[in-house]
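Notes follow once the structure below has been shown.
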Amino acid sequence: MCTSVTFLSETGDNFLARTMDFAFELDGRPVVIPRRQHFDSAADPNGYDTRLAFVGAGRNLGSGYILVDGVNERGFSGAALYFSGEASYADQIKPNHTNLASYEVLNWLLGNADSCADAADLIKKLNVVNVPIKLMGTVVPLHWIVSDRYGDCRVLEIRADGVHYLKDPVGVMTNSPDFEWHLKNLNNYTELQPGPHPDRDYHGYRISSYGPGSGALGMPGDYTSTSRFIRTAFMRQYTTGAQSKDAVNVLSHILNAVEIPKGVKLKENGEADYTQYRGYMDSANLTYYMQPYDNQTISKVTLTDDLMNADQPVEFPLEHEQTYHQLN
């Protein structure tokens, strides 16, 4: 389970952020994938190629690096989120198509798309195949949120009735049900507002709210994907704007509303879904920020010419012990 959100700064720069909420320990770290790479594919023996450099969170699975979010050198960013019970993939490869396992799609998009509009053309020849990931031994049901430096935001879902590449007018995505359902569900929360509701009169009996904050009374506070979608859409809509230099800080506060501490959300088998990290993608400065669960200090990696033209991917290990700023 995860939450993603976009943010357009007052200076016109676009950001995409996400929480990575999962029970399985992904052990992700910042990774730079240089230009012109060839990847093996679990779906197609011919593999696939990328032309653009990108940076994001991922790890080497033995057969190569797989990223789950990131931003490329054109300012196109994306994130893969869980989509259980809804994703539906092909049983076999298609000729004259790019055939990929679900967990390979984001690498391919970041490595080849200049923008959301460009991605729309690429997706026409995409075929996602029912292939399990060896790390987990299962087919990973995913959908994807993408955004670009122009502020465009889209959602890609592959369901039983076909491929859906949808405009995301609210800049938010979580998990199942499908994205269109989440948009319709926003209609159930038209009463949410940042200010207090007016006083009411009940046959002469005057009632008033007990102070600021009552405008958000009724906003769901649980950790289901439906509730996280509503909370994040509300936070994004009303959080005070910021210049680009402050945008990651603002996004961190927005995601505070949906971060899942370890132990408060348990699966049937007793495992805990929790926010393993938060990722922030700056489309203007081509920078990836990562904030792991056990060290809230935010680290960043920027795409440089040397990194983009390197021969091999470069990973950057993170400190997993909280650091503090000593004041005395």
Heavy atoms, side chains only, cut-off 4.5 Å: are [X] and [Y] in contact?
{"X": "Pro34", "Y": "Met308", "answer": "no"}
{"X": "Phe15", "Y": "Val248", "answer": "yes"}
{"X": "Val129", "Y": "Asp91", "answer": "no"}
{"X": "Leu100", "Y": "Asp44", "answer": "no"}
{"X": "Thr50", "Y": "Arg36", "answer": "no"}
{"X": "Ser283", "Y": "Arg74", "answer": "no"}
{"X": "Met219", "Y": "Met235", "answer": "yes"}
{"X": "His197", "Y": "Ser209", "answer": "no"}

Checking the side chain of [X] only, and the main-chain atoms of [Y] only, is there a donor and an acceptor separated by less than 3.5 Å?
{"X": "Thr138", "Y": "Val140", "result": "no"}
{"X": "Arg154", "Y": "Asp168", "result": "no"}
{"X": "His143", "Y": "Thr174", "result": "yes"}
{"X": "Asp152", "Y": "Asp148", "result": "no"}

Looking at [X], I'd like to know if its [atom1] atom is crowded, meaning that more than 12 non-hydrogen atoms belonging to other residues, nucleotides or ligands lie closer than 6.0 Å.
{"X": "Lys265", "atom1": "NZ", "value": "yes"}
{"X": "Tyr210", "atom1": "OH", "value": "no"}
{"X": "Leu61", "atom1": "CG", "value": "yes"}
{"X": "Tyr165", "atom1": "OH", "value": "yes"}
{"X": "Gln296", "atom1": "CD", "value": "yes"}
{"X": "Glu321", "atom1": "CD", "value": "no"}
{"X": "Asp121", "atom1": "CG", "value": "yes"}
{"X": "Gln312", "atom1": "CD", "value": "no"}

**OP:** Begin from the C-alpha positions of Arg278 and Asn256 and carry the test side chain to side chain donor-acceptor pair (under 3.5 Å) through to its verdict.
**Re:** CA-CA 10 Å; Arg278 305 181 198 178; Asn256 277 338; 2.7 Å; yes

Same hydrophobic cluster for [X] and [Y], using side-chain heavy-atom links shorter than 4.5 Å among ILVMFWY?
{"X": "Ile93", "Y": "Val163", "value": "no"}
{"X": "Leu16", "Y": "Leu52", "value": "no"}
{"X": "Leu286", "Y": "Val301", "value": "yes"}
{"X": "Val31", "Y": "Leu110", "value": "yes"}
{"X": "Met173", "Y": "Leu8", "value": "no"}

Subject >> Residues Glu73, Arg35; criterion salt bridge (charged side-chain N to carboxylate O under 4.0 Å, His left out); working and verdict >> reply: CA-CA 9 Å; Glu73 61 180 285; Arg35 294 166 175 153; 2.9 Å; yes

Original post:
Quick one: are the ring centres of Tyr65 and Phe39 less than 6.0 Å apart?
Top reply: no

Original post:
Below 6.0 angstrom between ring centroids: does that apply to Tyr280 and Tyr288?
Top reply: no

Say you draw a straight line from [atom1] of [X] to [atom2] of [Y]; how long is it, rounded to the nearest 0.5 Å?
{"X": "Gln276", "Y": "Met20", "atom1": "CD", "atom2": "CE", "value": "7.0 Å"}
{"X": "Asp13", "Y": "Lys245", "atom1": "CG", "atom2": "NZ", "value": "13.0 Å"}
{"X": "Asp201", "Y": "Ile207", "atom1": "CG", "atom2": "CD1", "value": "8.5 Å"}
{"X": "Ser4", "Y": "Asn175", "atom1": "OG", "atom2": "CG", "value": "8.5 Å"}
{"X": "Gln37", "Y": "Arg51", "atom1": "CD", "atom2": "CZ", "value": "14.0 Å"}
{"X": "Ile145", "Y": "Cys116", "atom1": "CD1", "atom2": "SG", "value": "9.0 Å"}

Closest approach of [X] and [Y], non-hydrogen atoms and distance?
{"X": "Gly279", "Y": "Met281", "answer": "O-CE, 4.0 Å"}
{"X": "Ala272", "Y": "Leu266", "answer": "CB-CD2, 3.8 Å"}
{"X": "Ala113", "Y": "Asp118", "answer": "CA-OD2, 3.4 Å"}
{"X": "Val5", "Y": "Leu251", "answer": "CG1-CD2, 3.8 Å"}
{"X": "Arg18", "Y": "Val68", "answer": "NH1-O, 3.2 Å"}
{"X": "Pro141", "Y": "Ser84", "answer": "CG-CA, 3.8 Å"}

Whether the [X] and [Y] side chains hold a donor-acceptor pair (N or O, under 3.5 Å, no angle test) is what I'd like checked.
{"X": "Asn249", "Y": "Asp246", "answer": "no"}
{"X": "Asp282", "Y": "Thr287", "answer": "no"}
{"X": "Thr3", "Y": "Arg231", "answer": "no"}
{"X": "Glu259", "Y": "Thr275", "answer": "no"}
{"X": "Thr224", "Y": "Asp222", "answer": "yes"}
{"X": "Asn295", "Y": "His320", "answer": "no"}

Original post:
What residues, two or more places apart in sequence or in another chain, satisfy side-chain hydrogen bond (donor to acceptor under 3.5 Å, both in side chains) together with Ser147?
Top reply: Asn14

**OP:** Could you go through the side chain to side chain donor-acceptor pair (under 3.5 Å) check for Ser115 and Arg149 one step at a time?
**Re:** CA-CA 8 Å; Ser115 65; Arg149 68 191 319 155; over 6 Å; no

Original post:
Do you know which of Thr19, Asp69, Asp21 makes side-chain hydrogen bond (donor to acceptor under 3.5 Å, both in side chains) with Tyr277?
Top reply: Asp69

Original post:
Per the side-chain contact (heavy atoms from CB on, under 4.5 Å) rule, which among Phe83, Tyr89, Phe179 passes with Arg159?
Top reply: Phe83

